[in-house]
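What follows is a short report on a single structure.
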Amino acid sequence: MAALIKYADVEVGTELPAASFPVTRATLVQYAGASGDFNPIHWNEKFAKEVGLPDVIAHGMFTMAEAIRVVTDWVGDPGAVVEYGVRFTKPVVVPNDEAGGLIEVSAKVAVKLDDNRVRVDLTAVSAGQKVLGMSRAVVALA
């Protein structure tokens, strides 16, 4: 695969298509199985509340992975992401109902770098709260 977006066609401030990602308890159980992270704060409501959380919360790495999908969908090649980092600022709370939680992600080109690379800044919000801080990816464009 190769990046579908051309460096020459991108300007600072270019907004990527935003996306929303639903998260249910079933999603968390599936992620726990795939990742091997069976911490009960991600699936056991009673335990999560006993340790001071409002409810079960999504895995931080799951939240991070969902957010970068906005970038990989835009660029057309997951391998074009050469650097990615975030700070976890708030948890994504996942109620035990059919709706669950929702991660809403937007992103824009913040800096044009050398070698056909750009830095993309992402914003991830759930229940009106920013859940990732300093969320940035460096992407190699065509």
Side-chain angles (χ1 to χ4, degrees), residues 1-45 47-49 51-142:
M1 295 180 78
L4 301 175
I5 305 297
K6 294 181 181 174
Y7 182 81
D9 295 339
V10 174
E11 299 297 332
V12 170
T14 298
E15 293 186 15
L16 284 59
S20 296
F21 304 100
V23 187
T24 65
R25 297 280 176 97
T27 309
L28 298 181
V29 171
Q30 291 168 338
Y31 182 81
S35 68
D37 182 350
F38 294 100
N39 187 324
I41 64 174
H42 303 303
W43 58 270
N44 184 319
E45 186 173 331
F47 183 85
K49 289 181 177 181
V51 298
L53 295 168
D55 208 328
V56 165
I57 62 170
H59 303 71
M61 296 302 287
F62 173 82
T63 303
M64 186 177 177
E66 290 291 79
I68 197 65
R69 288 175 56 190
V70 167
V71 176
T72 59
D73 289 351
W74 171 70
V75 76
D77 178 7
V81 176
V82 296
E83 190 177 312
Y84 179 43
V86 306
R87 287 187 186 169
F88 301 107
T89 56
K90 297 281 183 184
V92 174
V93 177
V94 183
N96 191 19
D97 58 23
E98 292 180 19
L102 186 67
I103 304 167
E104 299 171 283
V105 183
S106 60
K108 67 180 176 180
V109 174
V111 180
K112 289 185 82 167
L113 305 166
D114 294 332
D115 297 327
N116 286 2
R117 295 177 181 206
V118 296
R119 190 187 85 209
V120 175
D121 291 354
L122 298 91
T123 301
V125 176
S126 183
Q129 294 190 327
K130 193 172 180 182
V131 295
L132 298 176
M134 298 295 290
S135 185
R136 297 177 174 171
V138 174
V139 183
L141 302 180

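Position 1 is the first residue of the sequence, and the numbers go up from there.
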Check L4 against G76 and note the closest heavy-atom contact, atom names and distance. CD1-CA, 4.0 Å
Geometric class of the H59/H42 ring pair [parallel <30°, tilted 30-60°, perpendicular >60°]: parallel
Looking at side-chain heavy atoms only, is the closest gap between F62 and D37 below 4.5 Å? no
For L102 against S20, the heavy-atom pair lying closest together: CD1-CB, 3.9 Å
Is it the case that the side chain of K112 and the backbone of A8 share a donor-acceptor pair, with hydrogens and angles ignored and the cut-off at 3.5 Å? no
Is it the case that the side chain of T14 and the backbone of V109 share a donor-acceptor pair, with hydrogens and angles ignored and the cut-off at 3.5 Å? no
Looking at CZ of R87 and CZ of R136, how far apart are the two atoms once the value is rounded to the nearest 0.5 Å? 9.0 Å
Is there a donor-acceptor pair closer than 3.5 Å between any side-chain N or O of W43 and the backbone N or O of L28? no
Consider side chain to side chain contact (heavy atoms under 4.5 Å, CB included). Of V105, V138, L16, which one does V71 pass it with? L16
Atom CG of N44 and atom CG of D55: how far apart are they, to the nearest 0.5 Å? 10.5 Å
So do W74 and V10 actually touch side chain to side chain, heavy atoms under 4.5 Å? yes
For V94, is there any backbone N or O sitting under 3.5 Å from a side-chain donor or acceptor partner on R25? yes
Between E45 and N96 the two heavy atoms that sit nearest each other are OE1-CB, 3.9 Å
Do Y84 side-chain atoms and M64 backbone N/O form a donor-acceptor pair below 3.5 Å? yes
Ignoring hydrogens, what is the shortest heavy-atom contact between A110 and V12? Give both atom names and the distance. O-CG1, 3.4 Å
Are the side chains of L122 and L132 in contact, using a 4.5 Å heavy-atom criterion? no
I'd like to know if the side chain of D115 reaches the main chain of R117, judged simply by a donor and an acceptor atom lying under 3.5 Å from each other, with no hydrogens or angles considered. no
Rounded distance (nearest 0.5 Å) linking atom CE of M134 with atom OG1 of T89: 12.0 Å
How long is the span from the CD atom in E15 to the OG atom in S106, to the nearest 0.5 Å? 7.5 Å
Measuring from atom OG1 of T63 to atom CD1 of I57, what distance do you get when rounded to the nearest 0.5 angstrom? 8.5 Å
Contact summary for V118 and L141, nearest pair of heavy atoms: CG1-CD1, 3.7 Å
Please report the shortest heavy-atom distance between P78 and T72, naming the atom on each side. CA-CG2, 3.7 Å
Got a second to check how far Q30's CD is from T24's OG1, nearest 0.5 Å? 7.0 Å
